[in-house]
Number of protein chains: 2
Amino acid sequence: MTSLDFSGISTAVDQPETKLTVADDAYRKLRVLILQGTLQPGQKLKFEVLQQELGLSASSLREAFMKLVNEGLVQLAQRRGFSVAPISIEELKDITRLRKILEPLALRDAIEHGDDAWEAQILATWHRFSKIDTAQSDAPGILDDQWSYWHRAFHESLVAACPSKKTMQFRAVLFEQSERYRALSAARRTKPRKKSDEHRKLMEAVLARDSDKAEALMIKHMALTSNFLANVLDATQDSGKDN
Amino acid sequence: MTSLDFSGISTAVDQPETKLTVADDAYRKLRVLILQGTLQPGQKLKFEVLQQELGLSASSLREAFMKLVNEGLVQLAQRRGFSVAPISIEELKDITRLRKILEPLALRDAIEHGDDAWEAQILATWHRFSKIDTAQSDAPGILDDQWSYWHRAFHESLVAACPSKKTMQFRAVLFEQSERYRALSAARRTKPRKKSDEHRKLMEAVLARDSDKAEALMIKHMALTSNFLANVLDATQDSGKDN
DNA sequence: ATCAATTAAATTTTCGAAAATTTTGACATT
DNA sequence: AATGTCAAAATTTTCGAAAATTTAATTGAT
């Protein structure tokens with residue numbers, strides 16, 4: 001493993017709030033590296049190497065690993081160390097199946113409970129996201145850090161008014177787990193896809209408090225990446241088996 | 001905090017498989033103490049005390065805490081230590097709402113995919129569980145370790161054939177989180193309740209591959225504890241506010 | 001040559017203590 | 001009395017090295 005590049009990682013975009021813990025900091029950095037694919041599926045995560053890269057002790061690094069294990073991004077083999085969780089069509093389908101249930105659930109809740117501040121936040125976030133999205137859509141095959149951040153922020157803003165903690169938590173985990181597949185999807189795409197349109201329509205349905213339409217659009221939106229990748233990966237799976 | 005009693009904790013009932021890690025061992029012990037209510041909701045979890053009780057280092061204990069945080073049994077206040085997660089009617093309702101979705105989902109999957117071995121395992125587990133359950137039902141107000149273990153094992157056996165990893169994972173987390181409320185429910189119950197009947201009917205519907213009936217029974221089963229507690233807690237909440 | 005046993009090397013897990021942070025309590029100020 | 005400041009105490013977080021375990025290499029036997 002050659003030295004990793006952290007320069008483009010926007011951990012700081014989040015609220016700086018309370019000073020981050022060392023392990024938390026490492027967790028965020030590692031998460032980005034995994035979602036980006038810099039640390040590839042199946043790859044072994046060695047303490048010595050990453051300790052040096054990130055500059056922390058074994059126990060703190062272990063804590064960061066553990067957090068990633070709980071999010072399904074890292075695998076732990078008892079006493080045999082950690083490795084980046086593998087990806088597979090089956091997992092993507094599994095994730096998507098649940099997302100098709102939980103995202104609409106959260107969305108309906110949010111539409112029911114959302115207030116003016118919620119609406120305003122959606123608009124504000126969409127503004128930021130759409131700028132990056134349109135700029136980005138010219139260059140297919142790249143899924144950069146900023147796009148990912150605002151894409152997530154946008155989707156989160158839509159459901160932010162959902163009062164169910166557990167629903168939000170599970171939804172967030174699944175959204176996160178989908179990220180690697182989105183990146184993969186972007187990498188395989190040849191022609192640009194007008195995503196901002198999908199997102200705008202979805203937002204409009206939500207702001208119009210049209211639950212049925214919002215649900216339909218959301219499900220359609222999720223299915224797109226999933227189906228596209230299922231096709232692409234199915235074709236590639238046998239030939240390009242790396243790690 | 002006075003010295004804790006680990007004597008009755010059946011960590012060993014699980015598969016001994018690969019030798020447990022120190023942190024994992026502590027995690028299991030703490031989990032039981034929290035589920036039993038020995039460590040009460042809201043209670044601060046101090047390193048010094050628990051380190052001594054469990055005989056391990058700070059970083060290992062921290063790892064155990066973190067795992068419990070991820071399961072929602074423990075709360076972490078950044079740099080202010082850990083405490084047992086509080087319980088509330090709202091949380092119970094939230095948990096139950098999701099369980100009403102995920103348990104039937106897993107159950108239908110299992111009924112669809114289950115083979116002979118799955119059926120056999122259900123029967124075997126039910127045999128163990130029902131023995132304890134009938135013995136236990138004479139003594140209301142007590143929810144012992146063995147009952148909890150086999151109750152969980154029984155419910156898990158029903159859905160064991162569900163091929164969806166994520167569904168199983170989330171379902172397990174929610175089942176676990178419900179455990180404290182089950183214990184509370186048992187503690188508040190005055191007259192014995194014939195639970196084994198519910199469970200038997202549920203099992204029969206599953207083995208008969210009657211998804212609709214199984215789903216209906218499962219939902220009814222979950223609603224019982226939830227509704228009972230919602231009533232009891234609602235009444236008590238204002239008066240007996242401890243921690 | 002293949003396989004099993006043994007030793008050495010690499011790696012993960014755990015500890016005990018140091019560093020950093022928060023909480024408490026005493027004292028002074030308005 | 002309420003508020004603010006500062007040092008001491010308590011507590012959590014982090015480290016660097018020791019202990020335990022797994023993996024790889026070496027040797028010897030069939």
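So you know, we letter chains A, B, ... as the sequences are listed, proteins then strands, and number each from 1.
Computed from coordinates, the B:Leu54 CG to C:dC15 P distance equals 11 Å when rounded to whole Å. We find that CD of B:Gln51 is positioned 16 Å from P of D:dA10, with the value rounded to whole Å. To the nearest angstrom, P of C:dA10 lies 11 Å from NZ of A:Lys46. Between the NZ atom of A:Lys19 and the P atom of D:dT13 there is a distance of 12 Å, rounded to whole Å. Summarising the geometry, the separation between CZ on A:Arg80 and P on C:dT11 is reported as 15 Å, rounded to the nearest angstrom. Spacing between atom CG of A:Leu76 and atom C1' of C:dT13 amounts to 11 Å, rounded to whole angstrom units. Rounded to an integer number of Å, the gap from CZ of A:Phe47 to C1' of D:dT22 is 14 Å. To the nearest angstrom, C1' of D:dT11 lies 12 Å from CZ of B:Phe82.
Here A:Lys44 reaches the OP1 or OP2 of C:dT12: one of its side-chain N or O atoms lies under 4.0 Å away.
Here C:dT22 is the nucleotide among C:dT14, C:dT22, D:dT11 with the atom lying nearest to any side-chain atom of B:Arg79.
Using a cut-off of 4.0 Å between Lys/Arg side-chain N and Asp/Glu carboxylate O, A:Glu156 and A:Arg171 are scored as salt-bridged.
For residues 57-69 of chain B, proximity to DNA chain C is found at B:Ser57, B:Ser59, B:Ser60, defined as any non-hydrogen atom under 4.0 angstrom from a strand atom.
Evaluation of the side chain to side chain donor-acceptor pair (under 3.5 Å) rule for A:Lys166 yields B:Glu91, B:Gln177 as partners, not counting sequence neighbours. When the ring-ring contact (aromatic ring centres under 6.0 Å, His included) test is applied to A:Tyr27, no partner is found at least two apart in sequence or on another chain.
Between B:Phe175 and B:His151, the gap from one ring centroid to the other is short of 6.0 Å.
Looking at every heavy atom in both residues, B:Ser59 comes nearest to A:Ser59 through CB-CB, 3.8 Å.
For the pair B:Arg188 and B:Phe228, the cation-pi test (distance below 6.0 Å, angle within 45°) is failed.
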